[in-house]
There are 2 protein chains.
Amino acid sequence: MSKIQHRNLYGEVADRVRNMIERGELASGERIPERELCDTFGVSRTPLREALKVLASEGLVELLPNRGARVKQLTYKMVKDTYDLMGALEGLSGELACQRISDEGIDAICALHDEMLSFYRERKAMEYFRVNQQIHESLLNASGNDVLLEMYNNLSQRVKRVRYSKEMSEDYWRRAVEDHEEMIVALKQRDSKRLGQILRDHLCNKLEVASLTDVIDVEQKRSAAAS
Amino acid sequence: MSKIQHRNLYGEVADRVRNMIERGELASGERIPERELCDTFGVSRTPLREALKVLASEGLVELLPNRGARVKQLTYKMVKDTYDLMGALEGLSGELACQRISDEGIDAICALHDEMLSFYRERKAMEYFRVNQQIHESLLNASGNDVLLEMYNNLSQRVKRVRYSKEMSEDYWRRAVEDHEEMIVALKQRDSKRLGQILRDHLCNKLEVASLTDVIDVEQKRSAAAS
DNA sequence: CAAAGTTATTATGAATGCAAAATTCTATTC
DNA sequence: GAATAGAATTTTGCATTCATAATAACTTTG
């Protein structure tokens with residue numbers, strides 16, 4: 001399912017700006033200089049402004065009338081709210097996946113799970129994360145709910161830029177793995193209610209945010225000083 | 001909390017087009033004639049095109065490269081998916097509301113509930129719907145999760161145009177009211193898990209869709225014939 | 001008369017232009 | 001020297017223009 005290459009300029013520009021925000025090349029709260037970006041992209045203002053409007057409706061950018069665009073500030077509350085929401089969506093994905101996933105799909109996720117476990121035992125955090133994410137994505141896809149997928153991707157995009165700086169305690173990690181063990185059991189039994197419950201309460205959605213407090217505070221201070 | 005009047009033309013236009021889609025003045029799948037709409041609104045193409053891009057990212061409109069904008073077709077599956085999602089969001093709103101709502105807030109919802117009950121007894125469907133909606137909105141607001149509210153409103157907007165043609169069976173209505181009775185009990189006890197569960201399973205999210213099958217089929221046939 | 005090719009028309013995508021608002025810079029006053 | 005008023009500059013919002021792609025109309029040909 002490769003994406004249709006949009007040859008539309010505004011779509012291309014939107015992607016680029018999304019990436020810049022994600023990587024922090026445009027910092028939170030920072031003004032987005034229209035003219036300047038146009039020059040770097042080599043496009044006129046029209047497609048850039050269209051892109052900014054789209055990004056605003058995606059929640060990445062804020063448009064102040066007659067005062068230009070800013071990268072939307074991520075407050076602690078906003079990130080927390082987003083994670084709560086993503087938890088609910090993952091819960092739904094689990095419920096639906098239980099009902100719709102094929103036996104082969106379950107096998108595939110079990111394989112990913114085993115892979116993740118071995119990375120856990122070897123304390124390979126990066127690899128663990130990658131596979132962990134794959135598992136959650138697999139459930140999302142198996143849910144067969146396209147609107148759900150779209151919403152989840154949007155929410156995920158909004159908080160991507162803070163996710164990098166995550167620190168993980170040993171205790172948190174252990175409990176996350178325990179959650180995953182339970183998830184696999186529920187999935188094999190196709191116990192949708194149970195899998196939904198586990199995913200909604202899954203540690204990722206709760207503790208991860210707690211560890212971000214200072215990161216976001218720092219970010220806010222920096223941009224406050226800049227203004 | 002009155003909305004800030006955006007003096008931006010594109011925002012105004014987006015609102016107008018949203019309304020037109022909601023009311024069916026622009027039918028599902030229908031081409032959106034740029035020039036024509038510009039004339040009726042008395043604006044140039046720039047703000048209209050900006051608005052269309054926003055509406056596309058809201059999922060109301062589809063933009064085909066070099067082939068203009070169309071009102072997004074609502075398939076049965078899409079509406080079903082959306083309702084499933086809204087159910088999950090309402091569930092979360094209930095969980096959060098239980099934790100955050102004030103005692104006065106609970107009283108207010110109980111009052112709405114009683115009002116709704118009396119409309120049910122008198123079989124006043126329109127009034128029942130209005131109050132019913134108020135209850136769910138109250139929970140959404142009491143959740144204190146702004147991102148949740150934003151997402152819910154977006155989803156709700158997407159399916160608004162089919163909601164009107166809802167037919168309600170006596171049996172469905174009775175069970176919906178029973179759900180609401182249970183909701184009130186859970187809310188008073190601040191039993192967040194329970195309220196969440198009820199809301200997720202609430203009939204509105206499931207049966208309402210079933211009764212829409214033919215409506216959407218008709219709509220699809222009509223627009224298929226037009227194309 | 002139907003089908004395919006060609007031209008004419010229209011619609012879309014993007015750049016440019018222009019007026020109004022906002023910001024910055026300068027100068028004047030206390 | 002700080003504060004305010006005013007001019008100059010920049011930025012924003014929208015309209016207009018222009019090139020290109022898509023569609024419709026019209027031939028032409030089998």
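Below, read A as the first sequence line, B as the second, and so on, with proteins coming before strands; counting in each chain starts at 1.
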Legend entry - Ring geometry between His113(B) and His180(B) (parallel below 30°, tilted from 30 to 60°, perpendicular above 60°): parallel
Write down the distance between [atom1] ([X]) and [atom2] ([N]), rounded to a whole number of angstrom.
X        : N       : atom1 : atom2 : answer
Glu12(B) : dC14(D) : CD    : P     : 10 Å
Glu34(B) : dA15(D) : CD    : C1'   : 14 Å
Glu50(A) : dA14(C) : CD    : C1'   : 8 Å
Asp39(B) : dT10(C) : CG    : C1'   : 14 Å
Leu37(A) : dA15(C) : CG    : P     : 14 Å
Leu63(B) : dG13(C) : CG    : C1'   : 12 Å
Glu36(A) : dT12(D) : CD    : P     : 11 Å
Arg35(A) : dT16(C) : CZ    : C1'   : 10 Å

Legend entry - Backbone N/O of Ala88(A) and side chain of Arg200(A): donor-acceptor pair under 3.5 Å: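 Checked: no pair found.
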Inset, instruction - Would you please confirm or rule out a distance under 4.0 Å between OP1 or OP2 of dT12(C) and any side-chain N or O of Arg31(B)? - result: yes
Inset, instruction - State whether Arg67(B) places a side-chain N or O below 4.0 Å from either non-bridging phosphate oxygen (OP1 or OP2) of dA11(C). - result: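 No, because none of the side-chain N or O atoms of Arg67(B) sits under 4.0 Å from OP1 or OP2 of dA11(C).
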Inset, instruction - Verify whether one side chain among Thr40(A) and Arg16(A) offers a donor that lies under 3.5 Å from an acceptor in the other. - result: no
Inset, instruction - Would you mind telling me which residue lines up with the more 5' stretch of DNA chain C, Gly68(B) or Val43(A), judged by nearest nucleotide? - result: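 In this pair, the answer is Gly68(B).
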Inset, instruction - Using a heavy-atom cut-off of under 4.0 Å over every strand shown, decide if Arg45(B) touches base, sugar-phosphate, or nothing. - result: base
Inset, instruction - Describe the nucleic acid contact of Arg49(A) in one word from base, sugar-phosphate, nothing, applying a heavy-atom distance below 4.0 Å. - result: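 Base: the residue Arg49(A), judged by heavy atoms under 4.0 Å, touches a nucleobase.
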Legend entry - Side-chain donor/acceptor contact of Ser44(A) with base of dA14(C) under 3.5 Å: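 Side chain to base: no pair below 3.5 Å.
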Legend entry - Nearest listed nucleotide, side chain of Asn8(A), among dA15(D), dA14(C), dG17(C):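 Per side-chain heavy atoms of Asn8(A), the pick is dA14(C).
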Inset, instruction - Show the numbers, then the answer: is there a side-chain hydrogen bond (donor to acceptor under 3.5 Å, both in side chains) between Thr46(A) and Arg49(B)? - result: CA-CA 10 Å; Thr46(A) 308; Arg49(B) 302 185 91 249; over 6 Å; no
Inset, instruction - For the pair Glu150(A) and Arg158(B), find out whether any cationic side-chain nitrogen is under 4.0 Å from an anionic carboxylate oxygen. - result: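 A salt bridge is present here (some side-chain N lies under 4.0 Å from a carboxylate O).
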